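One structure below.
Chain letters run A, B, ... following the sequence lines, proteins first, then strands; residues in each count from 1. From a predicted model like this one, the values you see are computed outputs, not experimental measurements.
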There are 2 protein chains.
Amino acid sequence: MSSDASPAPAKTPVTLREVAASAGVSVATASKALNGQGRMTAETRERIRETAQRLGFRPNSLAQSLLRRRSFTVGLLTNDTYGRFSLPLMSGVSDALVDAGVSVFLCNVEDDTRLAQLHVEAMLDKRVDGIIATGKRIDRHLPVDLANLRIPVIYAFTQPDPGAIAFVSDDEGGARLAVEHLWRLGRKRIAHVSGPASFAVVHARAEAHRDVLTEHGLPVSEPLLGAWSEAWGHEAVAKLFGGGREGAPDAVFCGNDQIARGVIDALRERGIGVPDDVGVIGFDNWEIVAEATRPPLTSVDMNLSVLGREAGLALLSLVGGKPAEPGIRKLPCRLVVRQSCGRPPGG
Amino acid sequence: MSSDASPAPAKTPVTLREVAASAGVSVATASKALNGQGRMTAETRERIRETAQRLGFRPNSLAQSLLRRRSFTVGLLTNDTYGRFSLPLMSGVSDALVDAGVSVFLCNVEDDTRLAQLHVEAMLDKRVDGIIATGKRIDRHLPVDLANLRIPVIYAFTQPDPGAIAFVSDDEGGARLAVEHLWRLGRKRIAHVSGPASFAVVHARAEAHRDVLTEHGLPVSEPLLGAWSEAWGHEAVAKLFGGGREGAPDAVFCGNDQIARGVIDALRERGIGVPDDVGVIGFDNWEIVAEATRPPLTSVDMNLSVLGREAGLALLSLVGGKPAEPGIRKLPCRLVVRQSCGRPPGG
DNA sequence: GCGATTTGGGAAAAGGTTTTCTCAAAAGGA
DNA sequence: TCCTTTTGAGAAAACCTTTTCCCAAATCGC
């Protein structure tokens with residue numbers, strides 16, 4: 001288990017003082033040698049460096065943070081228990097920060113104000129350099145007020161406070177991508193089946209759907225709003241195709257991948273071919289669902305890990321003292337084409 | 001946005017020194033007053049407390065940590081990008097720790113040794129009190145050696161180093177739960193469809209399946225090993241039911257919920273009723289899948305959040321200096337009964 | 001060879017808290 | 001009244017690192 005090359009693990013971490021003593025210099029000189037500061041003989045510097053190396057010295061971050069008033073940690077607040085949205089986002093955040101040596105405190109606060117408050121205070125006590133707030137819904141606040149903190153806050157995929165900086169996905173753009181893709185494939189009657197009307201994104205996407213249809217002179221139909229579930233996909237198919245095939249859609253743009261999954265399964269059960277008779281597009285690009293549908297589902301990806309990355313970089317820049325314009329930045333979605341829409345007539 | 005009751009947010013955090021000055025005492029006295037230490041008049045103590053309250057004093061965790069050699073943070077290392085297993089686990093860990101005022105650094109290390117090393121070093125530099133290692137597979141090591149760290153390490157749902165403390169789910173027990181449930185419902189020919197043979201849990205569960213069948217005098221069949229996917233569930237049904245209904249199973253115990261989903265869909269397509277003709281049980285109790293299958297899937301839940309909780313508490317106790325027996329602790333699974341197995345003959 | 005500058009390196013303060021030690025004043029005992 | 005004990009509170013060290021002075025020795029110019 002242990003290799004000969006590795007230094008024996010010390011019971012207690014080695015301090016700069018010990019390095020200095022071992023190299024026969026003062027701690028001040030040792031510090032400067034290791035940080036490339038100050039003036040000294042190249043030989044002295046090298047000797048100190050070697051000593052530090054040999055002893056396995058690593059500076060105590062706590063002491064550094066105390067002095068620099070910068071802890072190289074940030075807090076990530078989320079209320080997305082299930083994590084389908086937060087995980088790619090977090091992974092992006094972490095990605096952006098790890099290279100800067102910044103670690104991330106993860107705080108799952110559910111919808112519990114007391115818990116959220118507790119976590120925020122713990123973060124502040126631990127002197128995090130900033131906070132990224134994220135959630136499962138773009139149109140809801142986290143259960144805690146982050147407006148007047150004395151550290152920078154970035155909102156990602158959650159409702160920001162006024163005057164704050166936020167990154168969200170461009171749902172209108174994503175929906176346009178989907179509907180225009182169907183249009184380019186020659187689909188004429190493009191239905192839209194989505195989640196509950198209480199979600200802001202439902203309206204944003206429905207509006208984009210209607211706009212694209214209008215722009216291309218296609219017949220506009222009312223979106224069917226229900227739930228974010230497979231079961232609703234089944235129901236919606238019953239409504240759309242219950243009256244027979246004539247007048248029924250030749251494409252369905254769904255509000256998420258679970259609905260799309262339900263729609264595709266229901267169509268198959270009715271003997272309607274996907275993509276031959278009807279093209280289907282989902283939203284979220286939840287790979288494990290999209291790839292398991294038959295045929296694999298074309299879907300809109302919100303690029304959440306990019307979004308997280310951008311949020312992380314923005315926070316870093318804020319922490320570094322660079323001012324930034326408040327406001328909401330919408331990041332583009334991308335279409336992931338699989339097999340549920342078919343090839344274009346020419347292709 | 002701001003209420004009158006809240007103190008004006010200070011540009012810079014208020015220190016103990018300022019509290020002491022404002023209360024007209026020394027920092028030493030102030031510290032003791034706030035921590036309930038030392039001796040002083042009740043009146044002095046109260047005055048200092050009120051001053052601290054009024055000024056919104058919160059002790060600087062960094063300074064405390066430096067002195068106490070205890071940072072009240074732990075690192076959570078995981079390589080489960082997708083997070084289906086780590087999230088409930090993390091939620092349990094966080095749960096156990098938040099009450100002790102301990103925050104969690106989340107480090108997603110994928111399978112990247114360099115990245116893992118980087119994160120571990122960052123943790124150590126930040127003087128975490130301990131590390132919880134977790135992953136997506138019980139039978140694989142994380143891509144980093146945690147054996148000789150000078151801080152406690154607890155393994156949860158991942159392969160531990162020898163001599164370490166680990167918490168894992170009792171897969172044999174979980175499988176027994178499933179197969180015995182089917183047996184109690186009067187099922188006689190219970191097949192087993194599971195994931196790739198390269199997974200240790202596949203063998204553990206298959207063995208339990210065989211044992212239970214033997215114990216009850218039921219015919220033993222070879223498990224069908226494939227992939228963790230719906231597609232494999234479909235394939236397996238073709239193999240099991242391709243020769244017609246005679247001799248075919250009247251129950252299928254699946255290695256995970258996705259396989260079970262595939263099995264149930266495939267059975268329905270063949271006109272075989274679930275649960276009337278065939279009972280199906282899954283594993284993992286991935287609610288979003290289990291509840292979307294038709295009928296909703298009975299499944300074995302590994303109690304991962306409990307597992308995380310136990311791991312958190314164990315780490316806490318270790319950090320507190322209490323010694324603990326090394327070894328692997330298997331935590332029981334539980335069966336979540338939905339509708340895919342039917343009611344017992346008598347019920 | 002003498003004053004001015006550069007060079008190499010150290011002392012000390014700072015960051016914010018906790019804890020041990022110390023000490024004066026007050027109280028108690030005789 | 002004098003000595004001992006208790007009480008209330010402060011000084012200072014400690015945790016570990018960084019940075020700002022500061023100083024002695026060496027170098028330079030002439």
Side-chain angles (χ1 to χ4, degrees), chain A residues 10-49 51-52 55-73 101 122 124-129 150, chain B residues 10-49 51-52 55-73 101 122 124-129 150:
Chain A
K11 268 279 170 275
T12 169
V14 30
T15 70
L16 185 59
R17 180 192 310 273
E18 298 171 87
V19 174
S22 174
V25 295
S26 71
V27 284
T29 307
S31 171
K32 283 180 284 195
L34 297 176
N35 293 314
Q37 305 290 324
R39 290 178 312 195
M40 68 198 67
T41 359
E43 182 220 348
T44 306
R45 197 181 293 274
E46 194 45 41
R47 174 163 46 90
I48 295 172
R49 287 215 166 117
T51 311
L55 265 44
F57 168 75
R58 309 228 53 190
N60 184 332
S61 244
L62 261 34
Q64 290 182 321
S65 300
L66 188 57
L67 200 55
R68 293 182 177 153
R69 292 197 177 78
R70 175 112 155 57
S71 66
F72 289 88
T73 60
L124 293 177
D125 289 350
K126 282 170 180 140
R127 296 304 192 262
V128 293
D129 298 330
R150 56 172 188 279
Chain B
K11 269 280 170 276
T12 168
V14 30
T15 69
L16 186 59
R17 181 191 310 274
E18 298 174 270
V19 173
S22 174
V25 296
S26 72
V27 284
T29 307
S31 171
K32 283 180 284 196
L34 297 176
N35 293 314
Q37 304 290 325
R39 289 178 314 195
M40 67 198 67
T41 11
E43 182 219 348
T44 306
R45 196 181 293 273
E46 194 45 40
R47 174 164 46 91
I48 295 172
R49 286 215 165 117
T51 311
L55 266 44
F57 169 74
R58 309 227 55 188
N60 184 331
S61 247
L62 261 34
Q64 291 181 320
S65 300
L66 187 56
L67 199 55
R68 293 182 178 155
R69 292 194 179 81
R70 174 110 158 60
S71 66
F72 288 89
T73 61
L124 293 177
D125 289 351
K126 282 170 180 140
R127 296 305 192 261
V128 293
D129 298 330
R150 55 172 190 279

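- The backbone N or O of A:Leu66 lies less than 3.5 Å from no partner atom in the side chain of A:Arg69, so there is not a single donor-acceptor pair.
- B:Gln64 has no side-chain polar atom (N or O) that falls below the 4.0 Å cut-off from OP1 or OP2 of C:dG16.
- Across C:dT7, D:dG8, D:dT18, the shortest atom-to-atom separation from the side chain of A:Leu67 is found for D:dT18.
- Checked against D:dA9, C:dG16, D:dC16, the side chain of B:Thr15 finds its nearest nucleotide in C:dG16.
- Shown here is A:Arg17, whose CZ atom has no more than 12 heavy atoms of other residues, nucleotides or ligands within 6.0 Å.
- Counting non-hydrogen atoms under 4.0 angstrom, A:Thr44 reaches the backbone sugars and phosphates but no base.
- Checking C:dG10, C:dT17, C:dG8 against the side-chain heavy atoms of B:Leu16 singles out C:dT17 as nearest.
- When each of B:Ala63 and B:Thr29 is assigned the nucleotide of DNA chain C with its nearest heavy atom, B:Ala63 is the one assigned upstream, toward the 5' end.
- Base contact: B:Ser31 has a heavy atom under 4.0 Å from a base atom.
- Regarding contacts with the backbone of C:dT18, a side-chain N or O of B:Asn35 is found under 4.0 angstrom from either OP1 or OP2.
- You'll find that the side chain of A:Ala28 is closest to C:dG10, out of C:dG10, D:dA9, C:dT17.
- The nucleotide whose nearest atom lies closest to any side-chain atom of A:Val25 is, among D:dT17, D:dA12, C:dG10, C:dG10.
- The only option from B:Thr51, B:Val25, B:Val27 that meets the side-chain contact (heavy atoms from CB on, under 4.5 Å) definition with B:Val19 turns out to be B:Thr51.
- Projected onto DNA chain D by closest heavy-atom contact, B:Arg69 and B:Ala30 fall at different nucleotides, the more 5' of which corresponds to B:Ala30.
- Checking D:dT17, D:dG10, C:dG9 against every side-chain atom of B:Lys32, the shortest atom distance belongs to D:dG10.
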